[in-house]
Amino acid sequence: RPRALSGIQPTAGSFHLGNYLGAIRQYVALQETHDAFYTVVDLHAITVPQDPAELRANSRLAAAQLLASGLDPDRCTLFIQSHVPEHAQLGWVMNCLTGFGEASRMTQFKDKSARHGADRATVGLFTYPILQVADILLYQANHVPVGEDQRQHIELTRDLADRFNGRFGETFTVPEPYIVKETGRIYDLQDPAIKMSKSASTPKGIVNLLDEPKVSAKKIKSAVTDLETEIRFDEEKKPGVSNLLTIYSTLTGAAIAELERRYEGKGYGALKTDLSEVLIEWVTPFRERTQEYLGDPAMLDGILAKGADKARAVAAETLAAAYDKVGFLPAA
Ligand code: AQP
């Protein structure tokens with residue numbers, strides 16, 4: 001079986017619809033075809049200031065939401081990144097292989113450091129894509145399910161895997177991004193020119209999965225569309241409507257063309273009302289399942305401990321090979 005690896009930050013508490021449609025749905029699907037590793041990347045979460053108690057709670061919350069989304073600990077490996085020290089260890093090796101200029105070209109760093117104030121951006125935020133490289137390479141992943149915004153980081157991963165293999169001999173699998181075209185970028189409901197993101201300029205643009213469903217329904221109903229009336233998929237001319245159609249189609253399985261037919265002659269109001277119902281129906285059991293997992297922390301921690309054991313076994317083997325290749329003297 002090919003390997004898959006992906007990570008998700010526990011920073012915001014609730015995942016949003018962009019995280020779910022762009023990434024988590026694919027995590028669930030790839031359990032069936034891949035030897036899949038999914039990690040809550042708490043090391044990445046401290047690249048911006050964090051509250052320790054909140055981070056701890058959010059890491060459990062992230063794991064609960066992943067399980068509620070359909071990850072099955074019997075069919076995939078789910079773990080917390082800091083439970084597997086090899087991530088930081090291989091991260092250092094990868095840091096020493098990355099050019100400063102190369103790291104400076106990462107657009108996510110540019111965006112995020114601008115958001116947090118360039119002076120306050122940490123070196124950790126600067127090097128986080130390189131830690132991500134280690135996250136992926138440790139598991140010899142063939143496929144990395146992510147949203148479109150992560151494409152550049154997967155390219156960096158491929159470059160560094162090639163560089164390491166070229167310099168020290170075949171060690172790492174060179175991974176491919178696994179990005180679903182239709183849902184690789186879900187847009188902000190208030191500004192369909194930008195991606196839905198936890199640091200959106202207005203909370204009205206983002207659907208948090210753990211919000212009261214009524215709140216999310218209201219956000220769908222006030223989504224920005226355009227001055228026409230026709231319900232048609234056209235990302236360039238009708239980005240708002242197209243985004244709603246993408247969300248509708250993915251949550252229900254109805255093809256976009258079928259939705260266009262269904263809503264012929266109907267207004268945007270009808271589409272938004274129906275989509276908010278679809279969302280409520282989907283999100284209500286998701287929230288219940290998340291609460292169930294949170295209600296049993298011992299079970300949740302047990303799943304994560306087992307996941308960390310499985311992950312460590314693979315990670316330790318890769319790290320040992322990499323340490324040997326770069327010339328570290330083995331411990332006696
Ligand atoms: N809008 C989106 N559409 C599709 N996929 C998305 N992802 C995020 N936003 C969208 C994907 O979700 C996965 C987990 O994301 P992350 O934990 O790395 O968080 P992020 O990218 O930092 O999420 P945000 O909300 O976009 O945070 P900020 O505002 O900090 O940039 C990834 O696979 C990501 O591609």
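Below, all heavy atoms of this structure are taken into account, side chains as well, without hydrogens, waters or symmetry copies. Counting starts at 1 for both ligands and their atoms, in listed order.
With a 4.0 Å heavy-atom cut-off, ligand 1 is reached by the backbone of Arg185 but not by any atom from C-beta on. In His16, the part holding a heavy atom less than 4.0 Å from any atom of ligand 1 is the side chain. Counting heavy atoms closer than 4.0 Å to ligand 1, residue Lys112 contributes side-chain atoms (C-beta onward) but none from N, CA, C or O.
Between Glu148 and ligand 1, not a single N/O pair is under 3.5 Å apart. In terms of polar-atom proximity, Pro145 is not counted as a contact of ligand 1, lacking any N or O under 3.5 Å from an N or O of the ligand. In terms of polar-atom proximity, defined here as any N/O pair under 3.5 Å, Lys195 does make such a contact with ligand 1. Checked against a 3.5 angstrom limit, the closest N/O atoms of Gln9 and ligand 1 fall inside it. Between Ser197 and ligand 1, at least one N/O pair is under 3.5 Å apart.
The aromatic rings of His87 and Phe79 lie tilted to each other, with the angle between the two planes from 30° to 60°. Between Phe164 and Phe168, the ring planes lie tilted relative to each other; the angle falls in the 30° to 60° range.
The atoms of ligand 1 that sit less than 4.0 Å from any heavy atom of Gly22 are 4 (C), 5 (N). The ligand atoms of ligand 1 that sit less than 4.0 angstrom from a heavy atom of Ile186 are 1 (N), 2 (C), 3 (N), 4 (C). Every atom of ligand 1 with a heavy atom of Thr183 under 4.0 Å away is listed here by number and element: 4 (C). Distances below 4.0 Å separate heavy atoms of Ala23 from the following atoms of ligand 1: 12 (O), 13 (C), 33 (O). Heavy-atom proximity to Val146, at under 4.0 Å, picks out these atoms of ligand 1: 33 (O). Each of the following atoms of ligand 1 lies closer than 4.0 Å to a heavy atom of Ile8: 14 (C), 17 (O). Those atoms of ligand 1 that come under 4.0 Å of a heavy atom in Gly184, given as number and element, are 3 (N), 4 (C), 5 (N).
Shortest contact from atom 5 (N) of ligand 1 to any protein heavy atom: Gly18 O, 3.2 Å. Ranking the protein heavy atoms by distance from atom 35 (O) of ligand 1 puts Asp149 OD1, 2.4 Å first. Atom 15 (O) of ligand 1 has Asn19 ND2, 3.4 Å as its closest protein atom, hydrogens excluded (heavy atom only). Among all non-hydrogen protein atoms, the one lying nearest atom 23 (O) of ligand 1 is Lys198 NZ, 3.5 Å.
When each of Glu148, His153, Gln152 is checked for a side chain to side chain donor-acceptor pair (under 3.5 Å) with Gln150, only His153 meets the rule. For the side-chain contact (heavy atoms from CB on, under 4.5 Å) with Tyr139, the lone residue among Val144, Thr318, Val84 that qualifies is Val84.
Other residues, nucleotides and ligands contribute only 12 or fewer heavy atoms inside 6.0 Å of the CD atom of Glu281. Shown here is Glu260, whose CD atom has more than 12 heavy atoms of other residues, nucleotides or ligands within 6.0 Å.
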For this session: Quick one: do Thr246 and Phe233 satisfy side chain to side chain contact (heavy atoms under 4.5 Å, CB included)? Show the steps, please.
Result: CA-CA 9 Å; Thr246 299; Phe233 189 88; 3.4 Å; yes
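Under the 3.5 Å distance criterion, with hydrogens and angles disregarded, no donor-acceptor pair is assigned to the side chains of Asp211 and Ser216. In this model, no donor atom of one side chain and acceptor atom of the other lie less than 3.5 Å apart for Tyr268 and Thr225.
Ring to ring, Phe100 and Phe126 are close: their centroids are under 6.0 angstrom apart.
Salt-bridge check for Arg312 with Asp309: passed, with a basic side-chain N closer than 4.0 Å to an acidic carboxylate O.
With hydrogens and angles disregarded, a donor-acceptor distance shorter than 3.5 Å links the side chain of Ser6 to the backbone of Pro145.
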